[in-house]
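A short worksheet on the structure shown next.
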Amino acid sequence: MIEIQIIRQSPELVKQKLSVKNFSDLHLVDEILQADEERRAIQKQLDDIRSRENAIAKEIGVLFKEGKKDEAEAKKAETVSLKEESATLTNRFAETEKRQFDLLVQLPNLPCDLVPKGKTAEDNIVAKQVGDIPVLHANAQPHWELGKKYDLFDLELGVKITGAGFPVYKGKGAKLQRALISFFLDRAIEAGYNEVIPPHMVNEASAFGTGQLPDKEGQMYFATADNLYLIPTAEVPVTNIVRDEIFDEKQLPIKMAAYSPCFRREAGSYGKDVRGLNRVHQFDKVEIVQIQHPAKSYETLDSMCAHVESLLQALELPYRILRLCGGDMSFSSALTYDFEVYSTAQQRWLEVSSVSNFETFQTNRMKVRYRDENKKTILCHSLNGSAMALPRIVAGILENHQKEDGIYIPKALQPYTGFDKIV
RNA sequence: AGAGAGGUGUCCGAGUGGUUGAAGGAGCACGCCUGGAAAGCGUGUAUACGUGAAAGCGUAUCGAGGGUUCGAAUCCCUUCCUCUCUGCCA
């Protein structure tokens, strides 16, 4: 949620930035300002009346104590009209406040100055491309064929048990999953992140805090009996750990890493996008989250990107880094870098990580602040990134490291798998 | 899931209708004292919104939401959570 102060101070700049994100309902900005003005005007009146009510109540209290019952009863009459007025104003205030909130929540985050204009994925900027695309042997196969060939995962079996998009990992495929999770977590811990194991279901307040609600409701699985959402990413429970907290400036940054399964309904996805492990409803991911001082958050974003990059290098995968254009960025983000691994057998890039700075968009919703040297409370910045999402990494490893005689496990991963080759 | 108890500030803890944003204590910060420290003494120590250049002032907040009342932390209703006992269970 954009801070109202920013909209109040520079509505035109806000509109201009929103249009970089391809957001066209700019009239919302004016409506917000109008509601804001109205709200403040009502609050002034309301506070004034309540102040008078309070004063009279106190006087009545004193009169009763002094035993002046008649005077006290007379005073009561004075409050009648005030009570009516304050009741009306209270309603109007609540309405206006809600109207402002409902509008405010519809605005996506403002992109930072580095975000390129653009509408679709085509307009993203390739910031960096590393690693040669391997030349595969003649019988090279896509990962779903390799999964069958080496009995690593079974999608049909998942259909039987649950439904489409719920893979069953088997044998060395299962071990590879576990190895990657441990590897990613250990690397995060080495980089100073504190490991947490969060709940895999969240309440409405948490889903609101990170920006999943209200607009992305349909993307999450919802347990109606208990009003809980299955998490689409560990970002949601992990970032909410600091909800409503006020930190000492010295405590920043807060660095947390978590492994969790992720559940996504992925309504509307189809075709070659969903082949094999390309897009599934349940997958594993290690997520890194930081809560940082506003002045340092972009430095932190760079360091998080460097961390993800080091993982891709350790796994010996060809990758590229994209700086997302305004139109392709998520609702909550101010700047996002996507990491893609080249799927050689499919001849396409697969997104394996997304690292974002949300600035105050999430922390404003969650009220995550720090206290500066003047004891003022100021919103922190929040950042997160996948480090990393497993299925497409698995796809990348299987496809890029396949040889005639089997699939080679990158050296860095061998201590975790306990084998150096899948045959 | 059933029965009972309870949810107050950073923490402990008082408070069952009247100047209570909230006693007291601990902690923390600053100052005095000290050669230095401890002890002691003094001062300060919530958040949000509104208003103001600022100091400040106003309003709201004692799990959450609603109600009674001139007035609610205190009474009533709803709801969430915690603890104890019983049941069930990895």
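Here is the naming used below: chain letters follow the sequence lines, and residue numbers restart at 1 for every chain. Computed from a predicted structure; not experimentally measured.
- With B:rU47, B:rC70, B:rC49 as the choices, the nucleotide that has an atom nearest any side-chain atom of A:K83 turns out to be B:rC70.
- The number of heavy-atom neighbours closer than 6.0 Å to CG of A:D248, taken from other residues, nucleotides and ligands shown, is above 12.
- Rounded to whole angstrom, the span from the CG atom of A:D244 across to the C1' atom of B:rU61 amounts to 13 Å.
- Comparing atom distances between the A:R50 side chain and each of B:rC70, B:rA60, B:rU47 picks out B:rA60 as nearest.
- You'll find that the side chain of A:F64 is closest to B:rC70, out of B:rU19, B:rU51, B:rC70.
- The distance from atom NZ of A:K76 to atom C1' of B:rU69 is 8 Å, rounded to the nearest whole Å.
- Partner of A:Y259 under the side chain to side chain contact (heavy atoms under 4.5 Å, CB included) criterion, out of A:V286, A:L180, A:L390, A:I197: A:V286 alone.
- Side-chain contact between A:L230 and A:H200 is absent, with no heavy atoms from C-beta onward closer than 4.5 Å.
- Note on A:K44: only backbone sugar-phosphate atoms sit closer than 4.0 angstrom, heavy atoms only; bases stay farther off.
- Spacing between B:rC33 and B:rG40 at atom C1', rounded to whole Å, works out to 8 Å.
- Residue A:D47 places its side chain closer to B:rG58 than to any other of B:rC70, B:rG58, B:rU47.
- Separating the CG atom of A:N227 from the P atom of B:rC81 is a distance of 11 Å, rounded to the nearest angstrom.
- Relative to the side chain of A:T377, the nucleotides B:rC70, B:rU47, B:rG58 differ in distance, and B:rU47 lies closest.
- Within the 4.0 Å cut-off from OP1 or OP2 of B:rC49, not a single side-chain nitrogen or oxygen of A:R39 is found.
- The pairing partner recorded for B:rU34 is none, the criterion being a Watson-Crick or G-U wobble arrangement whose two distances lie under 3.5 angstrom.
- The nucleotide whose nearest atom lies closest to any side-chain atom of A:S51 is, among B:rU59, B:rC70, B:rU19, B:rU59.
- Checking B:rC70, B:rU59, B:rG50 against the side-chain heavy atoms of A:N54 singles out B:rU59 as nearest.
- The A:R371 side chain lies nearest to B:rA46 when the options are B:rC70, B:rU19, B:rA46.
- Residue A:R40 places none of its side-chain N or O atoms closer than 4.0 Å to OP1 or OP2 of B:rC49.
- Around atom NZ of A:K367, more than 12 heavy atoms belonging to other residues, nucleotides or ligands sit under 6.0 Å away.
- Following rounding to the nearest Å, A:D248 (CG) and B:rU45 (C1') show an atom-to-atom distance of 14 Å.
- In the displayed structure, A:R178 atom CZ is contacted under 6.0 Å by at most 12 heavy atoms of other residues, nucleotides or ligands.
- Which of B:rA48, B:rC49, B:rU19 sits closest to the side chain of A:R369 comes down to B:rA48.
- For A:L13, the CG atom is densely surrounded, since the number of other residues' heavy atoms within 6.0 Å is greater than 12.
- Distance CD1 (A:I246) to C1' (B:rU47): 6 Å, rounded to an integer number of Å.
- Remark: the separation of the C1' atoms in B:rU34 and B:rC41 is 13 Å, to the nearest Å.
- Residue contacts shown for A:I56 are absent, as no nucleic acid heavy atom lies under 4.0 Å away.
- Within the shown strands, B:rA29 is the pairing partner of B:rU43 under the Watson-Crick or G-U definition, both distances less than 3.5 Å.
- Following rounding to the nearest Å, A:I42 (CD1) and B:rU51 (P) show an atom-to-atom distance of 13 Å.
- Each of B:rU47, B:rC49, B:rC70 was ranked by its minimum atom distance to the side chain of A:T79; first place goes to B:rC70.
- For A:N374 and B:rA53, the CG to P distance is 19 Å, given to the nearest whole Å.
- The nearest whole Å value for the distance from the CD atom in A:Q251 to the P atom in B:rU10 is 14 Å.
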